[in-house]
Amino acid sequence: MTSSRPYLVRALNEWILDNDCTPYIVVDAGVQGVQVPTEHVANGQIVLNISTGAVRGLVIGNGAIEFSARFGGVPMQVFIPLQAVLAIYAKENGEGMVFGSEPGFPDPEGDEAPAPKADERPTGRPTLKVVK
């Protein structure tokens, strides 16, 4: 199957805009092919406002996000392969989604989760807890 990430990013972007909020994306700037202003990268990541007032020509394709924007008054064409998108959320309330690893995409953390130890594995039937 194809990746669900582009579909989720498009849907969440639309949902955030429909609720009069500002969509922000968190991007792993170290992924090959990412073209973002490096002077705004911190800890290997950059947070970008992708609202209609902040960018021009936004295209959320199946392989990448592309748009033009100004950073410090300097225009730039931005290109972000979708595997570099770590999260999309609304600036005003933090509602959105963080993406984990997906088949066909490298793990965003770069490391695989360690396997649980034999004595940590669940045994017996699963239990549910009522949360009110």
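The shortest non-hydrogen separation linking Ser68 to Gln77 is CB-OE1, 3.4 Å. Between Ile16 and Tyr89, the closest heavy-atom pair is CD1-C, 3.6 Å.
Between the side chains of Arg10 and Asn62, at least one donor N or O lies within less than 3.5 Å of an accepting N or O.
To the nearest 0.5 Å, atom CZ of residue Phe99 and atom CZ of residue Arg5 are 6.0 Å apart. Atoms CG and CG, from Asn19 and Leu17 in turn, are 9.5 Å apart once rounded to the nearest 0.5 Å. To the nearest 0.5 Å, atoms OH (Tyr24) and NZ (Lys91) are separated by 4.0 Å. One distance of note links CG of Asn13 with OG1 of Thr52; it measures 9.0 Å at 0.5 Å rounding.
Sparse packing is recorded around CD of Gln32, with 12 or fewer heavy atoms of other residues, nucleotides or ligands lying under 6.0 Å away. For Glu92, the CD atom sits in a packed shell: over 12 heavy atoms of surrounding residues, nucleotides or ligands are nearer than 6.0 Å.
Placement of Leu82 and Met97 within a single hydrophobic cluster is found when ILVMFWY residues are connected by side-chain heavy-atom separations under 4.5 Å, directly or transitively. Tracing side-chain contacts under 4.5 Å through hydrophobic residues (I, L, V, M, F, W, Y), one reaches Leu58 starting from Met76; they form part of the same cluster.
The side-chain contact (heavy atoms from CB on, under 4.5 Å) test with Ile80 singles out one residue from Leu48, Ile60, Asp28, and that residue is Leu48.
Of the possible donor and acceptor atoms, none in the side chain of Asn43 sits under 3.5 Å from a partner among the backbone N and O of Gln45.
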